[in-house]
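These notes concern the structure reproduced below.
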Amino acid sequence: MSDPQPSPRSVIAPALDLARIPSHIAIIMDGNGRWAAARGLPRAAGHRTGLDAVRRTIEGCREYGVRVLTLYAFSTENWRRPAGEVEALMRLLGEALIDEFDDLMEAGVQFRMSGELHSLEPALREQVEQVIALTRDNKTLVLNVAYNYGGRAEIIDAVRRLGRDLASGRLTPQTIDEAALGRYLYTAGLPDPDLLIRTGGEQRISNFLLWQIAYTELYFCDVYWPDFDRSHLLAAIADYQQRRRRFGGVEDA
Ligand code: FPP
């Protein structure tokens, strides 16, 4: 009898240690505009094609047992972009929530949003709130979309609400520690990212998850986000698995 066929996973994937898959991957999806410009297309076409990369990444994360995927889809600074592009990005989120809803449910994906929901257009905000509520009990993967998100704004917002609880006596100064502050962040209840990927060749953080990435492993790659596929995701995880995480202490023997 011939040898059993290798599984598709072992043929195309780098050898990953399935016991050391990052629990939480965060991604700065950069390069949509350049991808579009290189093809003579409007920037919005880059964002739209970027949605295919989002789908591939969700699939890859589910397949390998990643528990949380945080995607930086719209920053508080992105409002400065031309009105047409901002509108296209808003429309894309609304459409994606409708088009992908059945697949998210079937795949057991819980949808969350990190960011300032209140300044979104009311219909979009309602749609986001509905999808959050309807997917709340899904357990396979948390898809946390950072939308209208800024890291400093998040910390200020947290401190403001914490201050209110101090003033009302619900909190005392002695009980404020890292975990306490963490409960006021948009990411309350989620583990900090183990791995942060930025596509598009730039090597900066751009006001993303400033509090949460204190000990996160950083991975930068040149590929433009619309071209990001399973092989890029697995290469990032493989690279992460080469790192020795010390969290400020000494390496395990
Ligand atoms: C950065 O590329 C990308 C964005 C600002 C938007 C990302 C949005 C998507 C991929 C689609 C929406 C996703 C969801 C989850 C609804 P850039 O425009 O700054 O590219 P550039 O640096 O080449 O100009």
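Read the numbers this way: they start at 1 and go in the same order the structure lists the ligands and their atoms. One is the number of the first residue; the rest follow in order along the sequence. None of these values were measured; they are calculated from a predicted model.
Within a 6.0 Å radius of CZ in Arg55, other residues, nucleotides and ligands contribute more than 12 heavy atoms.
In terms of heavy-atom proximity, Tyr149 sits nearest to Tyr72 at O-OH, 3.4 Å. Contact detail for Ile28 and Arg204: the closest heavy-atom pair is CD1-O, 4.0 Å.
Each of Met29, Asp30, Gly31, Asn32, Gly33, Arg34, Arg43, His47, Leu51, Ala73, Asn78, Arg81, Leu89, Leu92, Leu93, Trp225 has a non-hydrogen atom positioned under 4.0 Å from some atom of ligand 1.
Donor-acceptor pairing under 3.5 Å is lacking for the side chains of Tyr224 and Asp30.
Exactly one residue among Ser119, Ser114, Ser75 makes a side chain to side chain donor-acceptor pair (under 3.5 Å) with Asn148. That residue is Ser119. Paired with Leu120 under the rule side chain to side chain contact (heavy atoms under 4.5 Å, CB included), one option of Gln127, Met113, Glu129 passes, and it is Met113.
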